[in-house]
Amino acid sequence: MADVHSFESMAALDGEGLRYAIFLTGCPLRCWYCHNPDAWFPSGKNVTAEQAFQKARRFKPYFKHGGGVTFSGGEPLLNADFINETAELLHGEGIGYCLDTSGSVPLTDSVRKALDRADMVILDVKFPDPERYRLYTGGDFSRFIEIGRYCTKIGARLWLRTVVVPGINDSEADMEQYAALVKEFKFERYELLGFHTMGFFKYENLQITNPLANVAAMDRDRLDELQRYLNSILHPQSKGN
Amino acid sequence: MTNTTAWRGFREGVWRDGINVSNFIKLNYTPYEGDASFLSGPTERTNREMARVKELLIAENAKGGVLDVDTSRVLTILSHEPGYVVDKDTDIIVGLQTDAPLRRGVSPFAGFRNAEQACEAYGYQISDLVQTEFKYRTTHNTGVFRVYTDTMRKARHAGVLTGLPDAYARGRIIGDYRRVALYGMDYLIEQKKLDKKRLGEKDYLDEATIHLLEDLAKQLEFMAQLKTMAQSYGYDISRPAENAREAIQWLYFGYLGAVKEQNGAANSIGRIAEFIDVYIQRDLDEGVLTEEQAQELIDDLVIKLRLVRHLRTPEYNDLFAGDPVWVTLSLAGVTGEGRHMVSKTSFRVLQTLYNLGSSAEPNITVLWSEKLPQHFKDFCAQVSIDTDSIQYENDDLMRRMYGDDYSIACCVSAMKTGKQMQFFGARCNLAKVLLMALNGGKDEKEGSQIAPVGTVYEGDVLEFDKVYAAYKHYLSWMAKLYVNTMNIIHYMHDKYAYERLMMSLHDTDVERLMAFGVSGFSVVVDSLSAIKYAKVKPIKDERGLITEFDVEGEFPKYGNDDDRADLIGKDLIEYFYKELCKTPAYRGARHTLSILTITSNVMYGRKTGSTPDGRKAGQPFAPGANPMHGRDAEGALASLNSVAKLNYACCQDGISNTFSITPDALGRDKNDRIEHLVTMLDGYFQQDAHHLNVNVLNRDKLVAAMNDPTLYPSLTIRVSGYAVNFNKLTRDKQEEVIARTFHEKM
């Protein structure tokens, strides 16, 4: 049983192919730039693994080219037991899954199992140093490192993602720092996402303070420029993107 | 019949012994698995002709949508001298409905008053000559209203039965225009004469036989006229076409004659691409045609198809917005033997959207199958993403019921080409029938008694079983009235506005389909779901009629892949279809049903009071089988899955679904978007879904276009089984399109 924020039957960006995304609530982090703050809190919508599986399997006709289920959130690995239980059922039907995680949870046996059996892991590289990590997310940098290393150790297909926020992590020096940090990970691609303001209304609805209320959306061209720069300095084993 | 010149090099088969175009195509087309890289751009000549077309379109737009009307005479096959877009030497494929491009003719056969009003709406007067000609002539419209019962009139007035083809020509009939090219008119005339002779020799000439004999006489008269029309352009179509240019020209003459004779709601051209490809490929092989010239031929045919016009009243435009003709052109699909039918000409037709720019017409319809070659699927997806101009229908599903040589008429109506025809029947407003059932047969708006007297629902809360029983009772009554109304309409249309030329390009023993339709589908499904799963309190007005509803609690909504709601819809349609079938249809027609509203969902909504799903009086319905705007909350594929559950066996006239997604939600880059769209289409159709209109665009773009039409003058979008130029929609329809669900990135 897990508390579900929502289901999205066509997530075409979070992994390969067309994906059925299950957004689980709860998150150990409080990222300043979070665009889903509503997923921090329980929705009251409790779903069993069987129910989630029954919903997801309906989309099997669309799961080609690597498509499947994506567990996202919130932080999905807070519900690793639920994921493992659902995954069992999905695998029985030949459906794979992808984890969209910040890596902000302790590496328990259950989390290991969820990572071991995933088709792919999309890992958020929030900040390249423990200080900024703590400041802007409230989380523990060492947990992220531990999970990144674990994925590398088990040979998981790993995609890295970083949200770039104007004035916070949008310099060439930041990119160099990120590149140095991920050097020890084995990953397929590293994608930068631009900070956007489309989630602002959620802060208002929830009546919680939006620490970046005065920050504008990331400029598209500048983001592309940073992505190119990052690609150019990344470890050669990465394909870049 | 043998013809050594015209048929040189073609593989022999039964097509030589009698009319059988399907056999000819299957023996002679060249399947193509490659990609789009062979295609040619527009020639200098094509660009010159298109420049002229663009001038004309701008002028037409500037004059309020109608450039010119020839009121001096009645439009028929032989009424006008030849007309050209540029001139006789520049046009490659020739022929216009009147003597000048975009000059509309007057065709009062379906309804004189209608033609008169259409002229007046654009500042024209029907000439004295035409007035006199029709003074002693009964039109279709007059015939129908002589016979309509009081109940039919009331149902029509209240908008329960609506959009009926009782004042305009019914359309949706597709002549097999390929026959003109393959066999030549003389052979076709000879065959019809033989049919007539054989029929006349029956022992007992009953009414049905005499009717058919007269039909054949009418057909023969117009077949001769078609030859004369072609002659006026300098072509002899009595013989078969001898090369690609002639094949396209002959075929187009057949179509042109049909749209001169008839101004039916939809004038589709059928499944012609693979047929034409046989001729193009032979010319290419013989070295007498280049790829550039082949493309130029297709481009020029499509230019002519884009210029087809009919004169319509403003009321008509309210139903079918954007001045559509539905020159539906179907392509691809698979043969009964499992071979895909994609040819290079399937690509060439799609390429016209690049060479000539995007456009609503012809209504290009891809007959999708999982067996289509990957490169072709990818190209279709690319064209959808770039132009929003094409629609998809499930060949793997339709082939089971219509064989492998069917065409699509209008939006989603399949029929065996040249072997089946359709009696078009507009639609019945299911939401109004539900309100009528709650109000004892009274119209919730005007309060008049339309259906048999029953009791207004008693009780504080609507109980599902009670409501559904009453609803089914009234649906049965409705079904009977609907079939009988249609029987009258089509009896009179056959009598006073028979499609002589189109029907001459059908087999004589044609199979007839009577196509009923429903609107308000998702409104009713959600209403019934609300009654079943939430608490709906009816609120009565001062007349004692239920006109408002108070909905407490949540209920599952159609469009979220939730069986609780979706199966209500499936059951409802199956029930209504069964009820329709209980009343025999005119001329032995087989009943079919569609869930399709064109753009009339706005008008139907206007005529319908508040509904138990929470929709307020006057608000638009969702189009076709679409879930209600914004209620499909679990994303695009869940919405598709809900629609896919509806049973095509009960809806063989089509289940229309229009889908809009933003480019960013479809994928990161062009390649991802193409791959995802193809995967989506495959997955949807694999579940026996029927139809999908695809729009890949941002809502902002539509809002911008609405506020400033000059920004995107040729912005084309798919609406409901067809495409329209967005700028040709009225403001309320534009707003409704913008309000529809756009599947966006989270």
Side-chain angles (χ1 to χ4, degrees), chain A residues 4-23 34-36 38-39 43-45 47 51-52 54-70 72-74 95 100 122 159 161 189 191-194 196 198-199 202 220 223-224 227 241, chain B residues 370 374 377-378 381 385 394 396 554 556 559-564 566 627 632-645 659-669 671-689 696 700 741-746:
Chain A
V4 170
H5 172 268
S6 59
F7 297 97
E8 167 55 51
S9 61
M10 186 165 156
L13 305 167
D14 304 317
E16 287 184 313
L18 297 181
R19 314 206 60 87
Y20 186 72
I22 301 174
F23 294 92
C34 182
H35 67 283
N36 279 329
D38 45 343
S43 69
K45 191 160 66 181
V47 174
Q51 286 168 329
Q54 289 300 345
K55 282 177 88 73
R57 71 194 286 255
R58 293 270 310 137
F59 301 91
K60 205 179 162 187
Y62 307 97
F63 296 155
K64 292 174 188 161
H65 307 290
V69 169
T70 295
S72 185
I95 301 169
D100 180 7
I122 299 174
W159 288 8
R161 281 204 299 216
R189 59 163 95 172
E191 184 183 16
L192 299 180
L193 304 176
H196 64 77
M198 287 182 287
K202 296 177 184 173
R220 187 76 234 174
L223 186 73
D224 291 344
Q227 179 81 60
N241 181 259
Chain B
E370 57 177 341
Q374 191 61 44
K377 288 181 178 178
D378 291 349
I385 292 165
N394 188 352
D396 294 330
E554 290 291 310
N560 296 293
D561 197 19
D562 186 331
D563 279 352
R564 289 176 299 167
D566 301 346
D632 35 359
E634 294 203 359
L637 301 184
S639 175
L640 293 183
N641 276 5
S642 282
V643 182
K645 284 175 202 168
F659 177 88
S660 299
I661 190 165
T662 62
D664 283 348
L666 189 57
R668 279 184 196 81
D669 54 31
N671 288 340
D672 272 7
R673 287 171 193 160
I674 288 173
E675 181 197 294
H676 292 161
L677 185 52
V678 170
T679 308
M680 204 184 81
L681 288 165
D682 273 336
Y684 180 58
F685 289 136
Q686 197 185 313
Q687 302 177 66
D688 279 355
V696 182
D700 296 350
T741 302
F742 276 64
H743 295 286
E744 286 169 282
K745 192 169 73 168
M746 304 267 305

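Values below: every heavy atom of this structure, side chains too, minus hydrogens, waters and symmetry copies. Just so it is clear: chains get the letters A, B, ... in the order the sequence lines come, proteins before strands, and each one is counted from 1.
The backbone N or O of A:Ala21 lies less than 3.5 Å from no partner atom in the side chain of A:Thr70, so there is not a single donor-acceptor pair.
With chain A as the partner, the residue from B:Leu666, B:Thr679, B:Asp562, B:Asn641 showing the most heavy-atom pairs under 4.5 Å is B:Asn641. Across A:Lys64, A:Arg58, A:Lys55, the residue that shares the most heavy-atom pairs under 4.5 angstrom with chain B is A:Arg58.
Among all heavy-atom pairs drawn from B:Ala638 and A:Ser9, the shortest one is N-OG, 2.8 Å.
Relative ring orientation between A:His5 and A:Phe23 is described as perpendicular, the plane-to-plane angle rising above 60° on a 0-90° scale split at 30° and 60°.
Counted by atom type alone, B:Asp378 and B:Gln374 present one or more donor-acceptor pairs between their side chains at under 3.5 Å.
Only the side chain of B:Gln687 comes within less than 4.5 Å of a heavy atom of chain A; its backbone N, CA, C and O stay farther away. For B:Ile661, the part lying under 4.5 angstrom from a heavy atom of chain A is the side chain only.
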